[in-house]
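Take a look at the structure below.
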Amino acid sequence: MSATSGTGAPPAGQGGAAPRGAGTTAPSDPREQRRRDWRARRHRWDVRWSPYAFVAPFFVFFAAFGLFPLLYTGWASLHRVELTDPTHMEWVGMRNFSRLWEDEFFWNALQNTFTIGVISTVPQLMMALGLAHLLNYKLRGSMFFRVAVLTPYATSVAAATLVFVLLFGRDYGMINWALGSIGIDTIDWQNGTWTSQFAVSTIVIWRWTGYNALIYLAAMQAVPEDLYESAALDGASRWQQFRHVTIPSLRPTILFTVVVSTIGATQLFGEPLLFNGSAGATGGADHQFQTLGLYLYEQGWVNLHLGRASATAWAMFLILLLIAAANWLLQRRLRKSQ
């Protein structure tokens, strides 16, 4: 037997050099590669555009029910438009605004709005601050009290106002009955200037005090306990801690509630409208508690002058812009003082 018979070259495919292509990845299917590329591209689109799709409904509704009415009202304020024929517009330029400037009822409504806003906002926020300070202590049933102070806010404007109309009734009202029991004569709450404005303000105070109290309470609970402990070590009483720790810490929140309450007072409508139902939008026989909201309603839906009502709405909008500018300046000054 020859030497090569047992030690010869191995047959093809056994040992030796590997066949061509072994150890390398075979080219993938073109259709599978296209599907992978499409999935990757779709994932990139999803990451990039999904947030815009999620917030798009808000902007759609804002454009339809916020931006468009604002712009259309501004356009209508430059025309003479009647509610009986809203498609017919006659260009008058700034005439509607100049008539507002000359209208004594507009200035009366502005003054009433300012007066009611002051005598409702100041007591409301002071009472809310006191309630929040009490609720900030660890009391039994604190959750019940927090829900209770928010109950007036959840009550409808119509229901609350009708109840207060009964309370402030001239002949059979409970408030006049209580005043008569201590020797005070009957007060005609609805027909007096200051009395009617005070009565309307009490409705606003009753509805919004609890809401602002919870805002103050949330801000108080964010004040670090170290500040109170340091003040207590320095010998500060509870009242001194409230004055020198709590109040300075709540300055931004107090400013926020002042601005929001002022905006709400500027737009006050339901309470004065329902307080004397027979007077309608006039705000009493002598317009003694007619606010800007009632004046706008009277111009547009009683006198049917949509152009003047639109000019009133834009005047209110400009007033709110001035309030926002004052808020920005105060916040800027507070940041610099800290």
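Only this structure's heavy atoms are used, side chains among them; waters, hydrogens and symmetry mates stay out.
Salt-bridge annotation for E102 and R99: absent, with no side-chain N of the basic residue lying under 4.0 Å from a carboxylate O of the acidic one.
Aromatic rings of W75 and Y72 (six-membered ring for Trp) have centroids beyond the 6.0 Å cut-off, not under it. The ring of F164 has its center closer than 6.0 angstrom to the ring center of W206. Aromatic ring centres of F289 and F275: separated by under 6.0 Å.
Classified by interplanar angle (parallel below 30°, tilted 30° to 60°, perpendicular above 60°), the ring pair H287/F105 is tilted.
With contacts defined as side-chain heavy-atom distances shorter than 4.5 Å, the pair T115/W194 qualifies. A 4.5 Å side-chain heavy-atom check between R332 and W328 finds at least one atom pair inside the cut-off. At least one side-chain heavy atom of W38 sits less than 4.5 Å from a side-chain heavy atom of R41. With a 4.5 Å cut-off on side-chain heavy atoms, V92 and L78 do not count as touching. L250 has its side chain within reach of M220: a pair of non-hydrogen atoms, C-beta onward, lies under 4.5 Å apart. With a 4.5 Å cut-off on side-chain heavy atoms, Q124 and V204 count as touching. Using a 4.5 Å cut-off on side-chain heavy atoms (C-beta onward), F242 and L129 make contact. Within the 4.5 Å cutoff, the side chain of I323 has heavy atoms near those of the L320 side chain.
Counted within 6.0 Å of CZ on F97, heavy atoms from surrounding residues, nucleotides or ligands total more than 12; the atom is thus considered enclosed. Applying the 6.0 Å contact sphere to CE of M127 captures no more than 12 heavy atoms from other residues, nucleotides or ligands.
In terms of modelled atom types and a separation under 3.5 Å, the side chain of Q241 and the main chain of A236 share a donor-acceptor contact. No donor-acceptor distance shorter than 3.5 angstrom exists from the side chain of N276 to the backbone of G284, with no hydrogens or angles considered. One N or O on the side chain of N212 and one on the backbone of W208 form a donor-acceptor pair closer than 3.5 Å. Under a 3.5 Å cut-off, the side chain of Q288 and the backbone N or O of D286 do form a donor-acceptor pair. With T121 contributing its side chain and T262 its backbone, the two residues share no donor-acceptor pair below 3.5 Å. In terms of modelled atom types and a separation under 3.5 Å, the side chain of S196 and the main chain of T193 share a donor-acceptor contact. Without hydrogens or angle criteria, Q290 side chain to A281 main chain gives a donor-acceptor distance under 3.5 Å.
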Working note: D188 + T186, criterion side-chain hydrogen bond (donor to acceptor under 3.5 Å, both in side chains); need CA distance, chi angles, decisive distance, verdict.
CA-CA 7 Å; D188 191 356; T186 299; over 6 Å; no
Any chance you could lay out the side chain to side chain contact (heavy atoms under 4.5 Å, CB included) test for N327 and L329, step after step, and finish with the verdict?
CA-CA 5 Å; N327 174 39; L329 291 175; over 6 Å; no
R80 vs H88, side chain to side chain contact (heavy atoms under 4.5 Å, CB included): CA-CA, chis, key distance, verdict:
CA-CA 8 Å; R80 180 181 291 110; H88 177 71; over 6 Å; no
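Donor-acceptor pairing under 3.5 Å is recorded for the side chains of Y216 and T257. In this structure, a donor-acceptor pair under 3.5 Å is present between the side chains of Q33 and D37. A donor atom on one side chain and an acceptor atom on the other are found under 3.5 Å apart for Q197 and N112. For Y295 and D103, the side-chain atoms include at least one donor-acceptor pair closer than 3.5 Å. A donor atom on one side chain and an acceptor atom on the other are not found under 3.5 Å apart for N303 and E298.
The NE2 atom of H79 sits 10.0 Å away from atom CG of N96, with the distance rounded to the nearest 0.5 Å. How far CD of E90 is from CD of E82: 9.5 Å, rounded to the nearest 0.5 Å. The CZ atom of F168 lies 3.5 Å from the CD1 atom of I175; values are rounded to the nearest 0.5 Å. Taking CG of L306 as the reference point, atom OG1 of T84 lies at 8.5 Å (rounded to 0.5 Å). One distance of note links OG of S201 with CD1 of I119; it measures 3.5 Å at 0.5 Å rounding.
In this structure, Y228 shares a hydrophobic cluster with V223, L227, V245, the cluster being traced through Ile, Leu, Val, Met, Phe, Trp and Tyr side chains under 4.5 angstrom apart.
Checked options L268, L294, V200, T161; the residue passing with L273 is L294 (criterion: side-chain contact (heavy atoms from CB on, under 4.5 Å)).
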